[in-house]
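Below is one structure; the comments refer to it alone.
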Amino acid sequence: MPEADTQGEKDFHLDVPASTAGFFLKGSGSYDWGMQNRLARIFRPETGRTVMLAFDHGYFQGPTTGLERVDVSIAPLGPYADALMLTRGMLRTSIPSSHQGGVVMRASGGPSILKDLSNERIAIDIDDAVRMNVHALAVQVFVGGEYETQSVENMTRLVSAGYRYGMPVLGVTAVGKELTRDARYLGLATRMCAELGAQIVKTYYVDEGFERVTAGCPVPIVMAGGKKLPELDALTMAYRAVSEGAAGVDMGRNIFQSEAPAAMIQAVAAVVHGGSSPAEAHELYRELVEGRALAQTS
Ligand code: 5RP
């Protein structure tokens, strides 16, 4: 038997109402504690935003330029990212298990670039994701693609599995060569992902109407990077996306194919979390490259 608790006066803070604080992320207030906690490992509670580093490209296109040796080129970027988006093969082989940030795991796959990419299946058992302490599962959704329904079903099955474990699902709106990348299409694809249960949606930035895409999606949208652009252009795109309602970015090639990936991811974070303008963030990038500024980790 423990000893009786007779020490001093108890303080129930009778003058302080019990906390009924909501959750900081759009659309996420009704989730269970575990799912909210996982989301808070991906999105920073202070800003409600994330800088996610995507390097899952090898799952359909092999050793992509910049990803030839993930252990050498990507693992050192881990401390600068809020979350890593990767495959389970790369997590287990190339990322130290001491990694402290979020982990978003690619959970669909199948076809290579030699085939129709929309013919994906679920590529992971949720038990394995839980075993790896993953914080969200990412699944590609090919709205308008040949295997549209199959890819949507991949997502809905993962969403249902995710609710059993408090595991959020990131729906990735794929844009095939034959699909128009405009606000009307992205509004359709992102809204479908959210309506069918995705807790986060990833999509591309478009110059016209992106704010309508984010406004029409009831869960956080993160901006995909796309093909490599000059650094200032990529920072400008990230700036516009967050200014127009994105809850951060999930960028790959524009970071790991930059001449200075560590400097670039810090410049992106300055835009996403620090409110820097593209010009200010680009100046930070130059300073870091030239060794005139100190590196910042989260
Ligand atoms: C598409 C993905 C990739 O992770 C992502 O698009 C790659 O990032 P980037 O386009 O910025 O290089 O989800 O399958």
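For ligands, and for the atoms within them, numbers begin at 1 and follow the listed sequence. All values reported here derive from a predicted model rather than from experimental measurement.
Between Asp233 and Lys228 there is no salt bridge, since no side-chain N of the basic residue sits under 4.0 Å from a carboxylate O of the acidic one. Of the charged side-chain nitrogens involved, at least one lies within less than 4.0 Å of a carboxylate oxygen, so that Arg69 and Asp71 count as a salt-bridged pair. Residues Asp207 and Arg240 are paired through a salt bridge, judged by an N-O separation under 4.0 Å between the basic side chain and the carboxylate.
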Output block, N or O contacts of ligand 1, threshold 3.5 Å exclusive:
from, atom 1, to, atom 2, distance (Å)
ligand 1, 4 (O), Asp56, OD1, 2.4
ligand 1, 4 (O), Asp56, OD2, 3.3
ligand 1, 4 (O), Lys202, NZ, 3.3
ligand 1, 8 (O), His57, NE2, 3.3
ligand 1, 10 (O), Gly226, N, 2.9
ligand 1, 10 (O), Arg253, NH2, 2.8
ligand 1, 11 (O), Gly225, N, 3.3
ligand 1, 11 (O), Gly226, N, 3.2
ligand 1, 11 (O), Gly252, N, 2.8
ligand 1, 12 (O), His57, NE2, 2.7
ligand 1, 12 (O), Arg253, N, 2.9
ligand 1, 12 (O), Arg253, NE, 2.7
ligand 1, 13 (O), Arg106, NH2, 3.2
ligand 1, 13 (O), Lys202, NZ, 3.1
ligand 1, 14 (O), Arg106, NH2, 3.4
ligand 1, 14 (O), Gln140, OE1, 3.4
ligand 1, 14 (O), Gln140, NE2, 3.1

- Task: Show your working on side chain to side chain contact (heavy atoms under 4.5 Å, CB included) between Leu84 and Ile95 and close with a plain yes or no.
- Result: CA-CA 10 Å; Leu84 303 179; Ile95 301 299; 4.1 Å; yes

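The ring pair (Phe, Tyr, Trp, His ring centres under 6.0 Å) test applied to Phe256 returns His57, not counting sequence neighbours.
Remark: the backbone N or O of Lys227 is paired with a side-chain donor or acceptor of Asn254 at under 3.5 angstrom.
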